[in-house]
Amino acid sequence: MIELRPYQTEARDAVLSEWEQGRKRTLLVLPTGTGKTVVFSSVVEHQVRNGDRALIMAHRGELLDQAADKLRKVCGIESALEKADSTCLGSLFPVTVGSVQTLCQPRRLMRFPRDYFGTIVVDEAHHSLSDSYKRVLEYFPDANVVGVTATPDRGDQRNLGQYYDSKAYEYSMRQAINEGYLCPIKAQMIPLELNISDVSISNGDYSVGDIGCALEPYLEEIAKEMVRYCAGRKTVVFLPLVSTSKRFCLMLQKHGIRAAEVHGESEDRAEILANFEDGHYDVLCNSMLLTEGWDCPSVDCVVVLRPTKIRSLYQQMVGRGMRLSPGKTELLLLDFLWMTERHDLCHPSSMISRDEAISQQIDELVAQNGSGIDLIEAEEQAERNAVAERERSLARQLAEMRARQGKLVDPIQYAISIAAEDLANYTPTFAWEMSPPSAKQLQFLEKRGIFATSVENAGKAHMLIDRLIRRQDEGLSTPKQIRLLERYGFRQVGTWHFETASAMISRLASNGWRLPYGFDAAAYRP
């Protein structure tokens, strides 16, 4: 049996809590490599022990095999298979791992009573909105559903909000790296300009055919660069087309690199993957075959030669090299100077930051550092660089808000003061988040010193309440303290401790509610 990590236990409990509260379709967001299969296996175990039949649904055989294996190892539960000629009907096993391609067929689906499954897990939830998944999910309308996905960007999440009611739990890649569950990423910019300006868009992303053609003139130069940068590393290269992947593999071999290539039709695929894992090859080329359902923890270098604007796809590729392995200290992520007029191309910053301004600064730091830079360090540096601008913005907003009457803090002012970027830029995703805030929420916020009239929806109210409670538990300043002290010109009071703010307020009170002579409130830091 596998013992759950602390965040995995929190994730499982959060999913169960959402279902208990009536939100039957919820999302679980975990970065690649943090054990999503372990978590949903634990969820399934709980539901089965409470009398449910459960379905784990995926679109690829490797994912189904992983789910069945992990369910056995984590929970000691065997499962039936619903795929091709195999069926779960008549089986005594309470869990089914099922191929969506099989289940979505009307004749196959009609064999099941509509209440047959009480719990459904959708592995790789970003596929949920496709017709095949929707047909299956709509057939079992009363089932509790959890969709599992890697960290989505705002656009992905908004799309998933068309079906899912809530997000039960999210564990960020930064948390996973800082807590030692994923290895650090070192991003290295290769000074090689690859022009993809003429590549068209197909199905919401760069056309793989056009990318393949655009890459052809650069493959020989890229192979030479890899001789230099990938020496001594176990490397996976992602390419747009099978033909491009095969050609690039041959080029690497001509340069003395032990390279192999796999694709969907490779008859010896399992053998090649096993040999790569055992160290018989140094580089593995593939045409997007290994983005899902394949794990090789010893991979410590990833080369993305399939430019994409889809954050989840980029994270899937890079995530192949983020698992921990003995002797592995970091993942080297090689990036290139992609020449394009579009601004939505994924770069190393796409792994850890959702803020556009911070992301741009991270990528600039990567480009400026010739020997590579740790992505977490780059993010921290970018955030420090953004503090000055945030303070200038705060000063402007405070000047506008001082004209307002009352003793309550505007939500925007509060978010800026506590440096909560996610709160300041919050956009509702799910239907319940878009509804008006409840009377109970508004009452709570006003009691805590927030100008509740400015809270537009239930989602923002929920986020504010959660932040207020957490800050109270951490002993940080209250909205009322922030409002009072910032009216005197103090800055970043949201980062002060409660006792520090109380002491300053007492000092002002004893001085007749005036600043001491010559005291510079704007420059003061506790």
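Quick note: numbers below take in every heavy atom, side chains included, and nothing from hydrogens, waters or symmetry partners.
- Pairs of residues two or more places apart, or lying in two chains, that qualify as ring-ring contact (aromatic ring centres under 6.0 Å, His included) and include a residue from residues 53-74 are H59-H127.
- Looking at residues two or more places apart in sequence or on another chain, you find a side chain to side chain contact (heavy atoms under 4.5 Å, CB included) between R25 and V145, Y163, Y164, D165.
- Classification of D473 and R470 as a salt-bridged pair fails, no side-chain N sitting under 4.0 Å from a carboxylate O.
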Donor-acceptor pairs under 3.5 Å, side chain of residues 361-370 to any protein atom, not counting sequence neighbours: which ones?
unit_1	atom_1	unit_2	atom_2	d
Q361	OE1	N385	ND2	3.1
D363	OD1	S349	N	3.2
D363	OD1	S349	OG	3.2
D363	OD2	S349	OG	2.8
N369	OD1	S371	N	3.1
N369	OD1	S371	OG	3.1
N369	OD1	G372	N	3.3

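- Judged as a side chain to side chain contact (heavy atoms under 4.5 Å, CB included), and not counting sequence neighbours, the contacts of E377 are D374.
- Taking the side chain to side chain contact (heavy atoms under 4.5 Å, CB included) definition, one finds that P94 meets it with V48, sequence neighbours left out.
- Every residue meeting the side-chain hydrogen bond (donor to acceptor under 3.5 Å, both in side chains) condition with R448, not counting sequence neighbours, appears here in chain and number order: Q472.
- Under the side-chain hydrogen bond (donor to acceptor under 3.5 Å, both in side chains) criterion, S435 pairs with no residue, sequence neighbours left out.
- Side-chain contact check for K70 and S41: no donor-acceptor pair (N or O, by modelled atom type) lies under 3.5 Å.
- Residues satisfying the side chain to side chain contact (heavy atoms under 4.5 Å, CB included) criterion with H462, sequence neighbours excluded, are W432, Q441.
- Among residues at least two apart or in separate chains, side-chain hydrogen bond (donor to acceptor under 3.5 Å, both in side chains) pairs with a member in residues 276-286 are R258-D282.
- Every residue meeting the side-chain hydrogen bond (donor to acceptor under 3.5 Å, both in side chains) condition with S359, not counting sequence neighbours, appears here in chain and number order: S353.
- For D123, the side-chain hydrogen bond (donor to acceptor under 3.5 Å, both in side chains) partners two or more places apart in sequence, or in a different chain, are K36.
- In this structure, the salt bridge (Lys or Arg N to Asp or Glu O under 4.0 Å) partners of E380, at least two apart in sequence or on a different chain, are R174.
- A perpendicular orientation is assigned to the rings of W338 and F336, their planes being inclined by more than 60° (bins at 30° and 60°).
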